[in-house]
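We name chains A, B, ... by the order of the sequence lines, and we start the count at 1 in each one.
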Number of protein chains: 2
Amino acid sequence: MSFVRQPMSVSPEDFKKLELSINDVKENGSEIRSIFENYYDEEIDIDWEVDAAVEAFSILSSRWTIEILATLYIIGESRFNQLRTLLRGISSRTLSDKLTKCTENGLVERLVEDGPPIRVKYRLTDHGRNAGKLLSPLVAYMKIKHGRVMRNNA
Amino acid sequence: MSFVRQPMSVSPEDFKKLELSINDVKENGSEIRSIFENYYDEEIDIDWEVDAAVEAFSILSSRWTIEILATLYIIGESRFNQLRTLLRGISSRTLSDKLTKCTENGLVERLVEDGPPIRVKYRLTDHGRNAGKLLSPLVAYMKIKHGRVMRNNA
DNA sequence: AAACTTAGTGTTTTTTTCACACTTACGATT
DNA sequence: AATCGTAAGTGTGAAAAAAACACTAAGTTT
């Protein structure tokens with residue numbers, strides 16, 4: 001599935017920036033966690049929080065949805081076949097279904113430039129872009145973890 | 001699937017803290033994005049970046065994996081049946097398979113307290129906990145978006 | 001005129017998840 | 001003493017989701 005690719009070799013300064021950003025987000029994540037914990041009582045407990053987390057991921061937690069989101073966050077906007085090419089491995093049927101669901105859930109907007117030939121652009125809504133931004137540090141962390149992004153020692 | 005629940009009503013100060021944290025993460029997300037963009041050339045392009053993102057999500061992008069991660073991040077550690085109860089709706093077969101995959105991928109560790117009766121604890125590895133922290137702001141954002149977390153006007 | 005591109009849909013096959021029964025070994029209950 | 005409950009799963013068949021692949025229709029390019 002995934003091609004062998006050159007890793008991205010970034011300057012020590014930029015690598016440091018990435019690490020600092022990621023650490024910053026980790027700290028924010030911990031702080032958010034501890035705020036929630038303070039509100040635990042008879043109603044609000046682990047059960048409540050897990051439920052809320054499952055609900056939070058209800059749209060994202062199926063194959064390709066999160067990748068579509070991340071891709072549109074990277075690329076800004078994209079047409080159907082471009083997305084299909086970028087997301088090597090997705091079938092047009094699945095892409096079509098997922099885009100419909102993302103649109104229904106307010107993450108993506110579908111912009112028809114009526115031709116003919118009809119052209120359709122997909123773009124993140126503000127909500128989708130927020131989600132994309134919030135995902136970005138995790139993606140960066142994983143890129144580094146997978147050796148796709150490395151510090152050059154120049 | 002999801003029960004009707006009370007929203008979590010947080011103080012204006014804590015709500016402000018949450019908003020500030022989430023915004024902070026958004027800014028970090030944007031900054032990370034722009035760092036990567038600076039390295040675009042013949043090798044490293046949108047195609048490369050989408051590939052790397054797809055790879056980053058290769059473990060997370062299937063039903064339940066991300067929820068298991070978030071749940072273990074919330075609860076710290078958990079036994080099999082406790083996880084199954086918390087993740088209302090998951091089958092034991094699927095939970096078992098997903099935990100195996102998460103363990104194989106270094107996100108989760110499986111700790112056997114040998115009985116009998118044999119007891120097993122699941123806990124995030126450092127890597128898994130990092131991922132959990134990085135996901136936390138997104139979950140908080142979604143909780144607010146879904147009306148599960150609200151500012152009280154006390 | 002033939003081939004290609006656009007954004008998909010239809011249909012069949014494969015993979016993933018669900019539902020539900022079942023296991024083995026112990027402790028507690030009746 | 002026999003049954004029940006709990007522990008952490010596995011086995012199996014059915015249902016749902018995704019993949020593979022063909023196909024559409026209107027317009028552009030060769």
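A salt bridge between A/Asp97 and A/Lys101 is absent, with no side-chain N of the basic residue lying under 4.0 Å from a carboxylate O of the acidic one.
Distance A/Arg88 CZ to D/dA19 P: 15 Å, rounded to the nearest Å. D/dA20 atom P lies 14 Å from atom CG of A/Leu87, rounded to whole Å. Rounding to whole angstrom units, CG of residue A/Asn81 and P of C/dG8 are separated by 9 Å. The nearest whole Å value for the distance from the CZ atom in A/Arg84 to the P atom in D/dA22 is 13 Å. Rounded to an integer number of Å, the gap from CZ of B/Arg119 to C1' of D/dG9 is 14 Å. Rounded to whole angstrom, the span from the CD atom of A/Glu113 across to the P atom of C/dG8 amounts to 12 Å. One can place CG of A/Leu111 at 17 Å from P of C/dT6, the figure rounded to the nearest angstrom. One atom, OH of B/Tyr122, and another, P of D/dA7, lie 14 Å apart when rounded to the nearest Å.
For residues 123-148 of chain B, every residue pair satisfying the ring-ring contact (aromatic ring centres under 6.0 Å, His included) rule, not counting sequence neighbours, is listed here: A/His127-B/Tyr141, A/Tyr141-B/His127. Residue pairs meeting the ring-ring contact (aromatic ring centres under 6.0 Å, His included) criterion with at least one member in residues 39-60 of chain B, sequence neighbours excluded, do not occur.
Partners of A/Arg110 according to the side-chain hydrogen bond (donor to acceptor under 3.5 Å, both in side chains) rule, which considers only residues two or more places apart in sequence or in another chain, are A/Tyr122. With sequence neighbours excluded, the residues forming a side-chain hydrogen bond (donor to acceptor under 3.5 Å, both in side chains) with B/Asp24 are A/Asn28, listed by chain and number.
For the contact set between residues 71-79 of chain A and DNA chain D, defined by any heavy atom under 4.0 Å, there are no members.
A/Phe80 does not carry A/Lys121 over the face of its six-membered ring by the limits of under 6.0 Å from the centre and within 45° of the normal.
The minimum heavy-atom distance linking B/Leu138 with A/Leu135 is given by the pair CD2-CD2, 3.7 Å. Nearest heavy atoms, B/Glu31 versus A/Ser21: OE1-OG, 3.5 Å.
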For nucleotides 13-24 of chain C, 5' to 3', base contacts (B), sugar-phosphate-only contacts (S) and non-contacts (-) with protein non-hydrogen atoms under 4.0 Å give ----SBB-----
Determine, step by step, whether B/Lys98 and B/Ser62 satisfy the side-chain hydrogen bond (donor to acceptor under 3.5 Å, both in side chains) criterion, reporting the C-alpha distance in whole Å, the side-chain angles of both residues, the deciding distance to 0.1 Å, and the verdict.
CA-CA 9 Å; B/Lys98 295 292 169 180; B/Ser62 75; 2.7 Å; yes
